[in-house]
Every structure is written in structure tokens, then in C-alpha cells.
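I have placed the structure first, in the form of C-alpha cells, so that the comments after it can refer back to it.
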Amino acid sequence: MTHHVVIVGAGFGGLAAAQGLAGAGVKITIIDRRNHHLFQPLLYQVGTATLATSEIAWPIRHLLRKRKEVTTLLGTVTGVDTKNCKVLLEDGGVAAYDTLVLATGARHAYFGHDEWEPYAPGLKTLEDATTIRRRVLLSFERAECETDPARRAALLTFVIVGGGPTGVELSGAIAELAHQNLPQEYRHIDTRKARVVLIEAGPRILPSFTEDLSAYAHASLERLGVEIQLNQAVSECSDQGVIYGGRPLAAKVILWAAGVRASAAAAWAGLPADNAGRALVEPDLTAPGLPEIFVIGDTATINAWHGKPVPGIAPAAKQQGMHVARTIRMRLSGNAARRIFRYRHSGNLATIGKRAAVIDFGWIKVRGWLAWWLWGLAHIYFLIGVRNRLAVALSWLWIYATGSRSAHLITQGEQRPRAG
Ligand SMILES: Cc1cc2nc3c(=O)[nH]c(=O)nc-3n(C[C@H](O)[C@H](O)[C@H](O)COP(=O)(O)OP(=O)(O)OC[C@H]3O[C@@H](n4cnc5c(N)ncnc54)[C@H](O)[C@@H]3O)c2cc1C
């Protein structure tokens, strides 16, 4: 019987595992509740009307079309029967496995305030991004028709909660949109007067970067017109705005870029987990006591970075996927020795608008326009397919040269599927 590997999640980790198993002589079933692999690092550009959805997502089935041993299933996993080695699907289906790879990622968390989600959407899926794009663009449209100054001011106030890379990238892009791209398109409002307020609970933005890079990012964002509020925790989000540091701020658009919660993979398999729900895995990325199950990427946690936790970023998930593929190959060749995973960090990157970025490679730090170009080249390199690379490069060059964005489309109603 051919060894059957079931991979749940076709994100960075799951796809890397499938790619690493090419030619290994195994049968693979890859299950994802979405039909596409998503390049999340550029999601904020869909949310801020820079790129179109099709430029950062690709059908999983199409990506794996040449791999005859791979079956792609669209389905939502809801559990794992670890005794009988079966994955349980929402529609009642099951998938039996010899080896299981759980790579179901994470989602934003509201620190116990899930009721804030309707007012402050986070950014994780294409639906999230188009919801954000619609809310941002609609706010300008409504402000154009609004005569009451207070209501107009609230429509032109954009609050971003969380000063990590996503919050910094969102606030920089919205500030550029409001202050540089849109002014000539409106007649009754001056979009340059729009307020973009970034609220961070800690003492500085980009806390995972060195202090000098985070200070540079702070100054660059302020130059773009972003108001940064540090050491301020948000205590309320509603359709009226936010309350932070005990003060209310009227705002019709609130975006959530703080907090992460892992998928339910640890609960499915009854595994120990940390406070964010990430499965605590063995040094070889297997589930404790279940060597046939691997848990990787954002849904797992492991201190494999010189004794520190591996960061929740795409290269880490990819490295884990490749590691699992190599372990499975070795096991199949009769070598059952435990292979310890060690994470290799190549750097932290964040962009601030379309002319500056910060990069910390550890051995060298780069900032400003050079960092922006390096950031752009790195992201184009990691996109899938020549056509997408060319399309994104062209979109960026066009925006860079003309300041004009083509993705100003308001689509989708207020209803949106809740992703977990
Ligand atoms: C807005 C944003 C910006 C980011 N920017 C960067 C960046 O600049 N650089 C960087 O390195 N990292 C960045 N990251 C982090 C990076 O995207 C993640 O670390 C990476 O995607 C983790 O890979 P993964 O394989 O663990 O999970 P994911 O890539 O999230 O994939 C999980 C997959 O599992 C599927 N899934 C989930 N639950 C189920 C279920 N129950 N049943 C079936 N399928 C399921 C999902 O549909 C998804 O396809 C960013 C993340 C976000 C959200």
C-alpha cells in the first residue's frame, strides 16, 4: 500500500510540505477550506486598493495540477480521530492518513472581545481585505455627501489598532491614499484632512525590530501624516469609534491589527497548547505521543530559534513544511531517527508607504528607499508564477510613477463569511 500523507492547510507550511514530497513515492491529499493559496504579506495592498485579489492568490488545484499523486479537496476540517488515524470534515466526510500534517495557520484575536469584530475587521483572508477596501473607500464616498461637520470628520477618521508590521503597513498605505492619491477625485471634501490614527498598546511601533528601525518607521509614518498613539490600550470598539486611554475617538473605519489566535488544530488532536492556542510540538515538529502527526507553521509553537520561539512568519512555516517532507522521506527509507528542527532567520521586513521600508537582516540593517526596493524585489521573488510577478511589478511601478491606483473598487455587501 502506498503511504498516504494528508496535509490540512495549503498555506505556506502545507504547500512547502507538498512540494518537498515531490517524487517521494507517497500519495498526498491536501485539504483546505478555501480553493486558493494566499500570499498574506501583500494582503494589506488589496485592503488599501493597490492590488487586485487575483494578483496575490492562486487556486491550489491549479498549483498542484502536474502532481498526479496529489488530490486536492475543498473542505473544512473539524477534528482528528487520532486513534483510527482519520481526519474529520465538516460535511461528514473522513480522510484516512498514515501521516498527517496540520498546517492550518492562525487568525487575529480580540483579547476576549470578539464582539468588536464587526466594527474592527482584521486582515487574514481575501474577504477581510475586500471588506477593508470597501469600508475605507465607502467612508470617503459618504463623507463627500455628508454636510454635518462632526459626522464628516468621523467618516474621515481611520483608526488602526496595533503597531506591528500589518498596522504600520495599513496606516502608511491609507495615509498615502487619503493625502496623496484621492485629493483630486473629490469635490466637497479635502481628503488631505483625513486623520489616520495608529494606536499601539506598547511603548513603540514595530516591537520586533531594533529600536533605531522602529524610531525610523515612527518618524516616516508621521511624515506621511499618521498620528501615532503609544502606550494606549483600546478598551472599546463600536460603530461610533474607539475608546483608548479612557478617551473616545469618533471614527467610522476601525481596522484591527493586534493579537493572534491559532487555528483549532491543537484541540482537534487533543494536544497541549499555549495561551494563543498554538500546539506545543516536539523538537521534530511531531505532536507529543503521536509521531505520525506533524503540526507546523502559525498553528504550532516551538523554541527552535536559538532557544527562542520561532516567529509566526511565512519563511518559518515554509522551513517547517520542508523539514517535515524530509523527515517523511527518511522514515520511508527506513531511518526513524528523530530530526530536530532548527529555524534559520533571514530577516524582518516592513514597508512604510511606497517610498520607505525597514529591513533587519541581523548582520545589516537597511532603511529608506533602498529598503523599499529590496522589500519589493523580495516580495516579487516570492510570488508564484511569472505572470503574477510581472503583474504586481507593473502595478507597483505604475503607482510609483503616477500615484494612481487602479483597484478602487467597492465590492461585496456587509455580510461576509466568518473565517476561523
Ligand atoms: C496581513 C498579514 C501580513 C503578513 N505579512 C507577513 C510578511 O510580510 N512576511 C512574513 O513572512 N509573514 C507575514 N505574515 C505571516 C504569514 O502570512 C504567516 O506566518 C504564514 O501564512 C503562516 O503559514 P501557515 O502555513 O502556518 O498558515 P497559512 O498560510 O495561514 O495557511 C493556513 C491554511 O489553512 C487553511 N485552513 C485553516 N483552517 C482550516 C480548516 N479548519 N480546514 C481546512 N483548511 C483550513 C486556510 O484556509 C489556509 O489556506 C502576514 C500575515 C498576515 C495575516
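In each ligand, atom 1 is the first atom listed, and ligand 1 is the first ligand listed.
A salt bridge does not link Asp360 with Arg367: none of the charged nitrogens is closer than 4.0 Å to a carboxylate oxygen. Under the 4.0 Å criterion applied to side-chain N and carboxylate O atoms, Glu90 and Arg33 are not assigned as salt-bridge partners. For Arg331 and Glu292, the salt-bridge test fails: no basic side-chain N is under 4.0 Å from an acidic carboxylate O. Between Glu117 and Arg107, at least one side-chain N (NZ, or NE/NH1/NH2) sits under 4.0 Å from a carboxylate O, which counts as a salt bridge.
Using 4.0 Å as the threshold, Gly75 has a heavy atom nearer than that to some atom of ligand 1. Residue contacts with ligand 1: Asp32 is included, with a non-hydrogen atom under 4.0 Å away.
In the vicinity of Gly11, heavy-atom distances shorter than 4.0 Å reach the ligand 1 atoms 25 (O), 28 (P), 29 (O), 31 (O), 33 (C), 49 (O). Using a 4.0 Å cut-off to heavy atoms of Thr76, the atoms of ligand 1 that qualify are 41 (N), 42 (N). Numbered from 1 in the order shown, with element, the atoms of ligand 1 that lie under 4.0 Å from a heavy atom of Gly9 read 33 (C), 34 (O), 35 (C). Atoms of ligand 1 lying under 4.0 Å from at least one heavy atom of Pro315, given by number and element, are 11 (O). Applying the 4.0 Å criterion to heavy atoms of Thr166 picks out, from ligand 1, the atoms 1 (C), 2 (C), 3 (C).
Residue-level proximity to ligand 1 for Ala317 is carried by the side chain, the only part with a heavy atom below 4.0 angstrom. Neither the backbone nor the side chain of Phe382 has any atom closer than 4.0 Å to an atom of ligand 1 (non-hydrogen atoms only).
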Given the rule in the ring-ring contact (aromatic ring centres under 6.0 Å, His included) test, do His37 and Phe12 qualify, once you have shown the distances and angles that lead to the verdict?
CA-CA 8 Å; His37 169 77; Phe12 287 102; 5.2 Å; yes
